[in-house]
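Below is one structure; the comments refer to it alone.
On a predicted model such as this, the values are computed, not experimentally measured, just so you know.
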Amino acid sequence: MKNLSDILYKVHTIALAGKTNIDISDVQIDSRKVQKGSLFIAVKGVAVDGHRYIGKAIEQGAIAIVCQDMPASPKESVTYVQTTNSAEAAGLIAHNFYDQPTTRVKLVGVTGTNGKTTIATLLYKLFTCLGYKCGLLSTVENQIAGKIVEATHTTPDAINLNALLKQMVDEGCEYAFMEVSSHAIDQRRIAGLEFAGALFSNITHDHLDYHKTFDEYIKAKKAFFDGLSSSAFAITNIDDKRGNVMLQNTAAKRHSYSLRTVADFKGKILENILTGLVMTINDQEVHFRLIGEFNAYNLLAVYGAAICLGEDKAQVLQCLSATTGAEGRFDYLISSRERVIGIVDYAHTPDALVNVLSTIKKLKQGNEQLITVVGCGGDRDRTKRPIMGEVACEYSDKAIFTSDNPRSEDPQQILNEMEAGLSSAAKRKYISIVDRKQAIKTAVDMARAEDIVLIAGKGHEKYQEINGVKHHFDDKEVLKEMFELLNK
């Protein structure tokens, strides 16, 4: 139980009706979860306006309401708090209700289009290796001191986020590492949190279905750094042309990493093969188990964060050299008979697909074919579909367009939009197969000895969403099944 006046700390209040010296049992933004003694926060969401459910929340036992618009007929027995932004208030109230967890755990956030999951996961693995109890909040999974908690969003809603952070504090975690999505920043899900540090990986076209313009997307990412305190650190990739823009208005201590220019954390790739990377970090040569230039950037970001957090350079590099990446990020299998290399990767933006395909091309030893299976998600940014199709054909010997998560859209229509961007040369390289399992089977069947098959777009996901239903589907599982079935 918490006193309402205490948990309203820092909330911008316009008007108040009722008593604030009352005990609150829990805080909810979903009216279906409200119970006797709850505080219900009416948030104006993208699809749903919580103000429509104030009456239902009161019926279920809510004794206090936080809202942007006061109801026409308020109930005398209920306390109403009017604020300028309910979403912002939800973050602040949740942080207060759960005893301000980020004042007792060092929280580091990672943002950018690509690399968030790998960087956050590597930080979690690194600091665990260094002997700390840690928490992880990522797209793949949430972890609290080694225990897995299933992830449903890149960044959970403000209530669940603070509840998880409180759990981490209660379990004795000293550090928490989290992915910070542009949606979460824009929707104020991280309001109230105190970050010890923040990292920027890169920015390319993504989520334009939500942000509408690339400038709005950049603004959302930049707002994360603008909100940091002077005691925090901010690390940016200065090889990304918007890397410096991210930090231009931050009060945090600024640091940079690069493979191409002078930076605080400077890397150089010496060798990039299927067994891993050999690179220098600030002139120290190290072998890593991760593959590809994009992972060289991820490793630099992680190294930089560890140094900013006061860790010993030699110990950091020793732990990182033995660390594996995140599930579904350049995850590979080699078939037993014909040594076909199958790679599963989450690449679902044109830039991420270019990165993965470029890395694979550099790993090729001779005349191996590169066969790519790729699709685009339904109800998401349609502008990238023709670009994804063109990229897959340009960088591969053969491409198979297939379903990703079509959601409410017609899968064939998505494939038609991917095909729309193809040049006449590209059109000779691809085929379309709507059924994802059949597409993977066809790619494996096409593969000769030592060829490379990339299955892009879904990575770690264990489902395929079709018309609102999530069906079990695991790219790596299907790949393994096809290797055995086709005797590869």
Side-chain angles (χ1 to χ4, degrees), residues 328 330-348 350 352-354 356-357 360-361 363-364 367-378 385-406 409-466 471-488:
F330 215 91
D331 220 342
Y332 68 91
L333 294 170
I334 301 175
S335 69
S336 56
R337 205 170 68 83
E338 295 187 1
R339 312 298 292 163
V340 174
I341 299 167
I343 298 167
V344 172
D345 194 89
Y346 189 54
H348 62 288
L353 192 58
V354 168
V356 173
L357 288 167
I360 294 169
K361 288 193 101 164
L363 296 174
K364 285 170 75 170
N367 298 317
E368 312 96 315
Q369 280 191 112
L370 170 53
I371 304 162
T372 299
V373 178
V374 67
C376 290
R385 291 174 187 174
I387 309 166
M388 290 286 281
E390 185 62 37
V391 165
C393 291
E394 185 185 336
Y395 286 83
S396 314
D397 297 294
K398 290 173 185 167
I400 301 174
F401 297 170
T402 190
S403 296
D404 187 283
N405 288 316
E409 286 195 63
D410 172 11
Q412 186 57 60
Q413 182 56 37
I414 296 172
L415 300 190
N416 294 347
E417 289 179 28
M418 287 179 72
E419 292 161 13
L422 299 183
S423 63
S424 51
K427 283 177 181 171
R428 292 192 288 273
K429 285 186 174 185
Y430 90 101
I431 57 170
S432 283
I433 301 172
V434 171
D435 185 292
R436 192 172 181 89
K437 189 168 185 175
Q438 280 303 315
I440 295 170
K441 183 181 181 181
T442 303
V444 172
D445 197 30
M446 283 177 173
R448 303 183 301 255
E450 298 184 4
D451 280 351
I452 302 166
V453 175
L454 169 68
I455 302 163
K458 290 174 61 56
H460 64 282
E461 291 177 353
K462 301 288 188 282
Y463 64 86
Q464 189 174 28
E465 190 177 336
I466 303 166
H471 306 268
H472 176 75
F473 199 99
D474 182 334
D475 281 353
K476 198 170 178 183
E477 200 178 271
V478 174
L479 178 64
K480 198 173 177 185
E481 183 190 330
M482 294 312 161
F483 276 169
E484 288 167 11
L485 181 73
L486 298 168
N487 198 23
K488 291 289 180 178

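For Val340 against Ala447, the heavy-atom pair with the smallest separation is CG1-CB, 3.9 Å. Here the closest heavy-atom approach between residue Leu479 and residue Ile343 is recorded as CD2-N, 4.3 Å. Nearest heavy-atom pair, Gly377 versus Asp404, reported as atom, atom and distance to 0.1 Å: N-CB, 3.9 Å.
Scored by the side-chain contact (heavy atoms from CB on, under 4.5 Å) test, Arg448 finds Gln369, Asp451 as partners (sequence neighbours excluded). Residues satisfying the side chain to side chain donor-acceptor pair (under 3.5 Å) test with Arg385, not counting sequence neighbours, are Glu409, Glu417. With sequence neighbours left out, Asp435 forms a side chain to side chain donor-acceptor pair (under 3.5 Å) with no residue at all. Take Lys488 and apply the salt bridge (Lys or Arg N to Asp or Glu O under 4.0 Å) test, not counting sequence neighbours, and it matches Glu338. Remark: Lys437 engages Glu481 in a side chain to side chain donor-acceptor pair (under 3.5 Å) (not counting sequence neighbours). Considering only residues two or more places apart in sequence or on other chains, Asp331 meets the side chain to side chain donor-acceptor pair (under 3.5 Å) condition with Lys476. Legend: residues meeting side-chain contact (heavy atoms from CB on, under 4.5 Å) with Ala352, ordered by chain and number and at least two apart, are Asn114, Ala347, Thr349. Partners of Glu394 under the salt bridge (Lys or Arg N to Asp or Glu O under 4.0 Å) rule, at least two apart in sequence or in another chain, do not exist in this structure. Under the rule for a salt bridge (Lys or Arg N to Asp or Glu O under 4.0 Å), the partners of Asp475 that lie at least two apart in sequence or sit in another chain are Arg436.
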Hey, can you pull the donor-acceptor pairs under 3.5 Å for the side chains in residues 424-434, sequence neighbours left out?
| residue | atom | partner | partner atom | Å |
| --- | --- | --- | --- | --- |
| Lys429 | NZ | Cys393 | O | 2.9 |
| Lys429 | NZ | Ser396 | O | 2.9 |
| Ser432 | OG | Glu419 | OE2 | 2.5 |

Tabulate below the donor-acceptor pairs under 3.5 Å that side-chain atoms of residues 439-446 make, not counting sequence neighbours, or state none.
| residue | atom | partner | partner atom | Å |
| --- | --- | --- | --- | --- |
| Thr442 | OG1 | Gln438 | O | 2.8 |

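Here CG of Asp474 is found 5.5 Å from NE2 of His472. Values are rounded to the nearest 0.5 Å. In this structure, NZ in Lys364 is found 6.5 Å from CD1 in Ile452, a value given to the nearest 0.5 Å. Rounded to the nearest 0.5 angstrom, Leu353 CG and His348 NE2 are separated by 11.0 Å. A distance of 9.0 Å separates NZ of Lys458 from OH of Tyr346, quoted to the nearest 0.5 Å. Rounded to the nearest 0.5 Å, atoms NZ (Lys398) and OG1 (Thr372) are 12.0 Å apart. The CD1 atom of Ile414 lies 10.5 Å from the OG1 atom of Thr402; values are rounded to the nearest 0.5 Å.
Ring geometry for Phe330 versus Tyr332: interplanar angle over 60°, hence perpendicular rather than tilted (30 to 60°).
Between the Glu465 side chain and the Pro406 main chain, no donor and acceptor come within less than 3.5 Å of each other. In this structure a side-chain-to-backbone donor-acceptor pair under 3.5 Å is missing from Ser335 to Phe483. Under a 3.5 Å cut-off, the side chain of Asp397 and the backbone N or O of Leu370 do form a donor-acceptor pair.
Sorted by first then second residue, the ring pair (Phe, Tyr, Trp, His ring centres under 6.0 Å) pairs that include residues 436-458, not counting sequence neighbours, number zero.
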